[in-house]
Amino acid sequence: VSTEQVSAATSGQVLLPGGTGDSSLVDLLDRVIDRGVVIQGDLVLSVAGIDLVHVGLQLVLKGVEEGDVW
Amino acid sequence: VGEVDGTATYLFGIVRADALPHAAQDLQLPGAGPIRGLEVGPVRAVVCDVDPGAFAALQDPSADDLELLATAAYAHDALLADLAQQGPVLPLRLGTVVADDDTLRRVLAGHAPTLVSELDRLDGHAEWAVTVHLLEDPSDTAASEADADEALTGRDYLQRRRKALDLRDERWRTQEAVAGAVHARLAALAVDDEVVGSRPLEDGAPPLLHGVYLVADDRWPELERTVDELRAAHPSASIEVSGPWPPYHFTAVELDADDLASP
């Protein structure tokens with residue numbers, strides 16, 4: 001799955017051309033990981049440790065960008 | 001209604017109970033069951049069965065896990081977008097997994113009035129995101145290159161340097177003015193707005209403006225016209241608009257499950 005392949009599937013469509021670059025995967029992840037309704041409490045298994053996801057992802061995405069991961 | 005051992009319930013979003021969302025059949029989280037609705041009083045949760053350990057790898061993601069996360073994120077967003085086309089939806093944060101349907105029923109039943117009023121508030125509205133970048137002014141680069149080519153006396157150098165700094169200050173003020181003007185115009189036609197200062201995964205310098213706007217559906221043409229006008233008025237800026245998004249930034253609701261945990 002490359003960012004190009006999947007970017008077409010995001011719900012937010014570019015309204016008018018004029019954009020530069022395609023950061024839609026990062027854009028989408030920032031929305032769906034950081035925002036939205038949250039259920040708090042021990043009953044929630046969730047993606048435990050959303051902060052760890054952030055830190056790990058920053059490293060992974062950086063690697064992808066620099067081309068040394070894929 | 002007990003769940004099969006080894007499965008948990010993944011929650012995409014919450015819609016009104018009278019909504020009968022027809023989700024795309026091919027939409028599925030990686031390794032998860034089909035999408036189904038779970039009616040709880042006045043609301044309906046849109047859920048699927050999922051292996052409770054499905055997202056465990058994401059606690060320390062590698063490139064392979066990023067692919068899983070990307071797939072999950074796109075499925076999550078695509079389903080919510082599909083629901084949003086049919087009526088108001090409260091998007092859950094990606095990866096919200098509860099032990100079973102009964103747990104979820106309890107949480108939702110305990111917060112039903114909040115959920116209903118949020119759905120009412122968002123009905124007929126969508127989220128739009130606007131990012132403003134400054135385009136580089138080619139004359140600046142040319143000028144500084146010309147400077148470098150010449151041998152300058154100390155005094156000339158200082159004069160030029162001062163001029164360059166003044167120019168930079170002026171450009172900075174212009175940028176602030178552009179960001180302020182763009183945001184003011186868009187905020188004026190939105191019912192709610194937020195300037196997103198920094199985004200967790202954003203790499204490098206943040207843009208001049210990243211704003212999100214909750215806009216009534218019948219004002220989309222006006223939004224489009226306004227963006228056209230702003231682009232014409234600020235040719236030095238690149239103004240990117242994306243939308244409609246499910247209202248991720250305008251559902252800052254926290255549902256406390258522990259209050260309701262006692263049987």
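Letters go in sequence order (proteins before strands), and every chain restarts at 1. Values below: every heavy atom of this structure, side chains too, minus hydrogens, waters and symmetry copies.
Heavy atoms of B:L11 lying under 4.5 Å from chain A belong exclusively to its side chain. Interface residue B:L104: only side-chain heavy atoms are found under 4.5 Å from chain A. Residue B:Q85: no heavy atom, backbone or side chain, is found under 4.5 Å from chain A.
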Applying side chain to side chain contact (heavy atoms under 4.5 Å, CB included) to A:V38 and B:V253, what does each step give before you reach the verdict? CA-CA 6 Å; A:V38 176; B:V253 182; over 6 Å; no

Evaluate side chain to side chain contact (heavy atoms under 4.5 Å, CB included) for A:D30 paired with B:Y248, printing each intermediate quantity in order. CA-CA 10 Å; A:D30 271 331; B:Y248 294 112; over 6 Å; no

Would A:L29 and B:Y74 satisfy side chain to side chain contact (heavy atoms under 4.5 Å, CB included), going step by step from the backbone distance to the final call? CA-CA 9 Å; A:L29 289 175; B:Y74 283 112; over 6 Å; no

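Rounded to the nearest 0.5 angstrom, B:E240 CD and A:D27 CG are separated by 9.0 Å. With values rounded to the nearest 0.5 angstrom, A:R31 atom CZ is found 14.5 Å from B:R93 atom CZ.
Each of B:V196, B:L94, B:V212 was scored for a side-chain contact (heavy atoms from CB on, under 4.5 Å) with A:R35, with one residue passing: B:V196.
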